[in-house]
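Notes for the one structure printed next.
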Amino acid sequence: MRVPNLSYMPAGPNYRLVGQTTTHPRNHFTTSRVQQALIAIANQFAREFRGQPGYQTLEYNDISLVFGGLFDIFANWRTPHITHRIGRDVDFSNADELPSEMRRRLEEIIRRHGGDIYNEGNHWRVSF
């Protein structure tokens, strides 16, 4: 079933879209509200920390596919990405690599923009 009102996340100067595969070359479809929040989070984070040791441009990975629905990350119609179906869950690929002060501040910025953070080991999944 197609999820209505998803649009492709545009490129931006303060974040990178990562995780594209041959099976899913466009994996960053989201709602306009989440899109605005992700842009604002990246812009604020860059304003506060760009140029400081340990700063990295935020990496957004795996939001939703073009029509939403099952995100079959391994192209086998089974998924560890069960929440990435409606354009409101985003993987922050490099959040755990940031220095602790930046990581703590990023958490505050995300929460201020309505995100809930789930540390999934090697990345954060943020749900809006």
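All heavy atoms count here, side chains included; hydrogens, waters and symmetry mates do not. Bear in mind the structure is a predicted one, so any value in this text is a computation, not a measurement.
Residue pairs that meet the ring pair (Phe, Tyr, Trp, His ring centres under 6.0 Å) test with at least one member in residues 94-116, sequence neighbours left out, do not exist here.
When all heavy atoms of L106 and A95 are compared, the pair lying nearest together is CD2-CB, 4.2 Å. In plain terms, the two heavy atoms of P10 and I39 that are nearest each other are CG-CD1, 4.3 Å. Heavy-atom minimum distance, L65 versus L6: O-CD1, 3.9 Å. Here the closest heavy-atom approach between residue G54 and residue P99 is recorded as O-CD, 3.5 Å. Annotation for L17 and H28: closest pair CB-CE1, 3.6 Å, computed over non-hydrogen atoms. Looking at every heavy atom in both residues, L58 comes nearest to A42 through CD1-CA, 3.9 Å.
Annotation: salt bridge (charged side-chain N to carboxylate O under 4.0 Å, His left out) contacts of E97 (sequence neighbours excluded): none. When the side chain to side chain contact (heavy atoms under 4.5 Å, CB included) test is applied to S93, the partners found at least two apart in sequence or on another chain are V18, E59, N61. For Y55, the ring pair (Phe, Tyr, Trp, His ring centres under 6.0 Å) partners two or more places apart in sequence, or in a different chain, are F45. By the salt bridge (charged side-chain N to carboxylate O under 4.0 Å, His left out) test, R47 is found to be paired with no residue, residues two or more places apart in sequence or in another chain being considered. For E48, the salt bridge (charged side-chain N to carboxylate O under 4.0 Å, His left out) partners at least two apart in sequence or on another chain are R105.
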**Asked** Could you go step by step and tell me if N122 and D96 meet the side chain to side chain contact (heavy atoms under 4.5 Å, CB included) rule?
**Response** CA-CA 7 Å; N122 62 350; D96 280 337; 5.8 Å; no
**Asked** Taking it one step at a time, do M9 and F29 satisfy side chain to side chain contact (heavy atoms under 4.5 Å, CB included)?
**Response** CA-CA 6 Å; M9 181 82 185; F29 287 85; over 6 Å; no
**Request:** Please step through side chain to side chain contact (heavy atoms under 4.5 Å, CB included) for the pair R125 and V90, ending with a clear verdict.
**Result:** CA-CA 6 Å; R125 178 176 52 87; V90 182; over 6 Å; no
**Message:** What verdict does the side chain to side chain contact (heavy atoms under 4.5 Å, CB included) test give for I63 and Y8, after you've listed the backbone C-alpha separation in whole Å, the side-chain angles of each residue and the deciding distance to 0.1 Å?
**Reply:** CA-CA 10 Å; I63 303 174; Y8 197 70; over 6 Å; no
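A side-chain donor-acceptor contact under 3.5 Å links T30 to the backbone of G87. Within the 3.5 Å criterion, the main-chain N or O of L38 finds a donor-acceptor partner in the side chain of Y60.
The environment of N119 atom CG is dense: over 12 non-hydrogen atoms of other residues, nucleotides or ligands sit within 6.0 angstrom. Within 6.0 Å of CD in Q20 there are more than 12 heavy atoms belonging to other residues, nucleotides or ligands.
Note that the CG atom of N43 and the CG atom of N14 stand 4.5 Å from one another [nearest 0.5 Å]. Taking CD of E108 as the reference point, atom CZ of R103 lies at 13.0 Å (rounded to 0.5 Å). Taking CG from D89 and OG from S127, the interatomic distance works out to 4.0 Å, rounded to the nearest 0.5 Å. Rounded to the nearest 0.5 angstrom, Q52 CD and L98 CG are separated by 11.5 Å.
Defined by atom type and a distance below 3.5 Å, a donor-acceptor pair is missing between the side-chain atoms of D91 and W124.
Seen from the ring of F128, R33 does not count as a face-on cation partner, given the 6.0 Å and 45° thresholds.
We find that R111 and E107 are joined by a salt bridge, their nearest charged nitrogen and carboxylate oxygen being less than 4.0 Å apart.
With contacts defined as side-chain heavy-atom distances shorter than 4.5 Å, the pair H123/F92 does not qualify.
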